[in-house]
Amino acid sequence: MGFEGETWYVRGVPDTGEDGGADTEIGEILIEDADFPWLSGRFRAGPAFDAVRGLFARELALAERDGAEHWAEWETVYAEIGRRVRLVSPDGPVAEFLLHIDGDRAWFRWSDEPFEREGADR
(Lines give C-alpha, C1' and ligand atoms only; values in the text may rest on other atoms or scores of the structure.)
Protein backbone atom coordinates (compact mmCIF):
# COMPACT_ATOMS: atom_id res chain seq x y z
CA MET A 1 0.00 0.00 0.00
CA GLY A 2 3.01 2.27 -0.14
CA PHE A 3 3.40 3.07 3.57
CA GLU A 4 6.99 1.84 3.87
CA GLY A 5 9.41 4.73 4.25
CA GLU A 6 6.76 7.16 5.50
CA THR A 7 7.22 8.99 8.77
CA TRP A 8 4.24 9.20 11.13
CA TYR A 9 4.29 11.49 14.16
CA VAL A 10 3.18 11.00 17.74
CA ARG A 11 2.17 14.37 19.19
CA GLY A 12 0.76 15.68 22.42
CA VAL A 13 -2.89 16.66 22.32
CA PRO A 14 -3.22 20.44 22.58
CA ASP A 15 -4.81 21.92 25.69
CA THR A 16 -4.61 18.90 28.01
CA GLY A 17 -2.72 20.93 30.59
CA GLU A 18 -0.29 18.01 31.00
CA ASP A 19 3.39 17.70 30.21
CA GLY A 20 3.48 16.26 26.72
CA GLY A 21 0.50 18.35 25.61
CA ALA A 22 0.19 21.43 23.43
CA ASP A 23 1.23 19.62 20.22
CA THR A 24 4.62 18.67 21.65
CA GLU A 25 6.82 16.15 19.88
CA ILE A 26 6.38 12.80 21.62
CA GLY A 27 8.12 10.92 18.83
CA GLU A 28 8.10 9.72 15.27
CA ILE A 29 7.72 6.36 13.59
CA LEU A 30 9.59 5.46 10.41
CA ILE A 31 7.38 2.82 8.78
CA GLU A 32 9.30 -0.32 7.87
CA ASP A 33 6.47 -2.84 7.46
CA ALA A 34 2.84 -2.65 6.39
CA ASP A 35 0.86 -5.79 7.25
CA PHE A 36 -2.72 -4.55 6.93
CA PRO A 37 -4.25 -3.39 9.18
CA TRP A 38 -1.01 -2.89 11.15
CA LEU A 39 1.91 -0.62 10.35
CA SER A 40 5.18 -0.97 12.25
CA GLY A 41 8.55 0.64 12.35
CA ARG A 42 11.36 2.29 14.22
CA PHE A 43 10.29 4.68 16.98
CA ARG A 44 12.41 7.73 17.77
CA ALA A 45 11.43 9.30 21.06
CA GLY A 46 10.99 13.06 21.07
CA PRO A 47 11.52 15.51 23.93
CA ALA A 48 8.01 14.95 25.37
CA PHE A 49 8.07 11.12 25.36
CA ASP A 50 9.06 10.85 29.02
CA ALA A 51 5.69 12.37 29.99
CA VAL A 52 3.84 9.36 28.48
CA ARG A 53 6.50 6.61 28.58
CA GLY A 54 4.94 5.01 31.67
CA LEU A 55 1.48 4.93 30.07
CA PHE A 56 2.79 3.08 27.02
CA ALA A 57 4.75 0.64 29.19
CA ARG A 58 1.67 -0.09 31.32
CA GLU A 59 -0.58 -0.43 28.25
CA LEU A 60 1.74 -2.96 26.63
CA ALA A 61 2.17 -4.96 29.84
CA LEU A 62 -1.60 -5.19 30.24
CA ALA A 63 -2.16 -6.06 26.56
CA GLU A 64 0.32 -8.95 26.80
CA ARG A 65 -1.23 -10.52 29.92
CA ASP A 66 -3.31 -13.67 29.75
CA GLY A 67 -6.88 -13.69 31.02
CA ALA A 68 -9.75 -11.26 30.73
CA GLU A 69 -9.75 -9.67 34.17
CA HIS A 70 -7.21 -6.97 33.26
CA TRP A 71 -9.00 -5.57 30.17
CA ALA A 72 -10.97 -2.95 32.10
CA GLU A 73 -7.67 -1.59 33.42
CA TRP A 74 -6.18 -1.70 29.91
CA GLU A 75 -9.14 0.33 28.61
CA THR A 76 -8.59 2.93 31.34
CA VAL A 77 -4.88 3.22 30.54
CA TYR A 78 -5.51 3.39 26.81
CA ALA A 79 -8.21 6.02 27.27
CA GLU A 80 -5.58 8.18 29.01
CA ILE A 81 -3.19 7.64 26.09
CA GLY A 82 -5.98 8.72 23.74
CA ARG A 83 -6.62 11.79 25.86
CA ARG A 84 -2.97 12.87 25.81
CA VAL A 85 -1.62 11.64 22.46
CA ARG A 86 -2.55 11.95 18.81
CA LEU A 87 -1.17 10.13 15.80
CA VAL A 88 -0.39 12.17 12.71
CA SER A 89 0.03 10.58 9.29
CA PRO A 90 1.85 12.31 6.43
CA ASP A 91 -1.62 13.57 5.43
CA GLY A 92 -2.58 14.89 8.88
CA PRO A 93 -4.06 13.66 12.18
CA VAL A 94 -6.04 10.41 12.18
CA ALA A 95 -9.41 10.07 13.93
CA GLU A 96 -8.61 6.91 15.92
CA PHE A 97 -5.60 4.70 16.51
CA LEU A 98 -4.27 1.82 18.56
CA LEU A 99 -0.56 2.38 19.17
CA HIS A 100 1.97 0.24 21.01
CA ILE A 101 5.50 1.43 21.76
CA ASP A 102 8.25 -0.86 23.07
CA GLY A 103 11.71 0.68 23.17
CA ASP A 104 12.64 1.71 19.65
CA ARG A 105 9.76 -0.24 18.04
CA ALA A 106 6.19 0.93 17.45
CA TRP A 107 3.22 -0.72 15.78
CA PHE A 108 -0.25 0.62 15.24
CA ARG A 109 -3.48 0.56 13.33
CA TRP A 110 -5.57 3.61 12.58
CA SER A 111 -8.83 4.79 11.10
CA ASP A 112 -10.00 7.98 9.46
CA GLU A 113 -13.30 7.42 11.30
CA PRO A 114 -13.82 6.86 15.04
CA PHE A 115 -13.74 3.20 16.09
CA GLU A 116 -17.07 1.60 16.99
CA ARG A 117 -17.45 1.11 20.72
CA GLU A 118 -19.17 -1.90 22.27
CA GLY A 119 -22.63 -0.94 23.42
CA ALA A 120 -22.61 2.29 21.41
CA ASP A 121 -25.84 3.32 19.70
CA ARG A 122 -25.75 2.95 15.95
Side-chain angles (χ1 to χ4, degrees):
M1 294 184 75
F3 294 106
E4 289 93 351
E6 289 183 349
T7 300
W8 288 54
Y9 300 92
V10 184
R11 299 280 188 227
V13 174
D15 302 323
T16 61
E18 309 270 346
D19 288 342
D23 205 29
T24 55
E25 182 185 342
I26 291 172
E28 62 184 34
I29 305 164
L30 175 61
I31 305 302
E32 297 173 333
D33 187 40
D35 185 13
F36 185 79
W38 293 92
L39 298 182
S40 63
R42 184 155 312 277
F43 178 73
R44 185 193 63 78
F49 182 62
D50 282 344
V52 294
R53 180 186 308 267
L55 283 172
F56 280 103
R58 184 74 182 136
E59 179 276 331
L60 190 58
L62 288 165
E64 292 177 340
R65 285 177 58 187
D66 289 331
E69 66 280 354
H70 66 281
W71 285 111
E73 185 180 355
W74 178 88
E75 287 177 359
T76 299
V77 171
Y78 206 83
E80 182 64 12
I81 289 172
R83 189 179 78 76
R84 296 180 57 185
V85 172
R86 67 183 177 148
L87 183 64
V88 181
S89 78
D91 296 323
V94 300
E96 290 271 2
F97 61 92
L98 176 59
L99 170 64
H100 306 288
I101 298 174
D102 186 16
D104 69 349
R105 303 299 305 163
W107 59 104
F108 63 93
R109 59 190 301 172
W110 89 101
S111 175
D112 289 328
E113 300 293 327
F115 293 154
E116 286 188 26
R117 307 279 186 234
E118 281 188 30
D121 292 340
R122 297 183 201 257

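Computed from a predicted model, the values in this text were never measured in an experiment. Quick note: numbers below take in every heavy atom, side chains included, and nothing from hydrogens, waters or symmetry partners.
- Judged by distance alone, the side chains of Glu28 and Trp8 never bring a donor and an acceptor atom under 3.5 Å apart.
- Residues Phe49 and Val10 are not in side-chain contact: their nearest non-hydrogen atoms beyond the backbone lie 4.5 Å or more apart.
- Nearest heavy atom pair, residue Ser89 against residue Val94, reads CB-CG1, 4.2 Å.
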**Request:** Apply side chain to side chain contact (heavy atoms under 4.5 Å, CB included) to Glu64 and His70, showing your working.
**Result:** CA-CA 10 Å; Glu64 292 177 340; His70 66 281; over 6 Å; no
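- Minimum heavy-atom separation, Thr24 to Ala48: OG1-CB, 3.4 Å.
- Taken to the nearest 0.5 Å, the CH2 atom of Trp74 stands 8.0 Å off from the CD1 atom of Ile81.
- In this structure, Arg42 and Asp104 have side chains that are in contact, with non-hydrogen atoms separated by less than 4.5 Å.
- Among all heavy-atom pairs drawn from Leu39 and Ala34, the shortest one is CD2-CB, 3.4 Å.
- Note on Trp38 and Tyr9: separate hydrophobic clusters, where clusters join Ile, Leu, Val, Met, Phe, Trp and Tyr whose side-chain heavy atoms are under 4.5 Å apart, directly or indirectly.
- The hydrophobic cluster containing Leu99 does not contain Leu30, counting ILVMFWY residues as joined when their side-chain heavy atoms lie under 4.5 angstrom apart, directly or transitively.
- Put simply, OH on Tyr78 and NE2 on His100 are 7.0 Å apart, with the number rounded to the nearest 0.5 Å.
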Output side-chain donor-acceptor pairs under 3.5 Å for residues 105-114, partner residues at least two apart or in another chain, one line each.
unit_1	atom_1	unit_2	atom_2	d
Arg105	NH1	Glu32	OE1	2.7
Arg105	NH2	Glu32	OE1	3.2
Ser111	OG	Glu113	N	3.0
Ser111	OG	Glu113	O	2.6

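- Minimum interatomic distance between Phe97 and Val85 (heavy atoms only, all atoms of both residues): CZ-O, 3.5 Å.
- When every heavy atom of Arg84 is checked against every heavy atom of Ile26, the shortest pair comes out as O-CD1, 4.3 Å.
- Val88 and Arg11 make their closest contact through CG2-CG, 4.0 Å (heavy atoms, listed as atom of the first residue, atom of the second, distance).
- There is a path of hydrophobic side-chain contacts, each under 4.5 Å, that joins Leu55 to Leu62.
- Annotation: side chain of Glu80 is not in contact with side chain of Glu59 (no heavy-atom distance under 4.5 Å).
- Here the straight-line distance linking atom CD1 of Ile31 with atom OG1 of Thr7 works out to 8.0 Å at 0.5 Å rounding.
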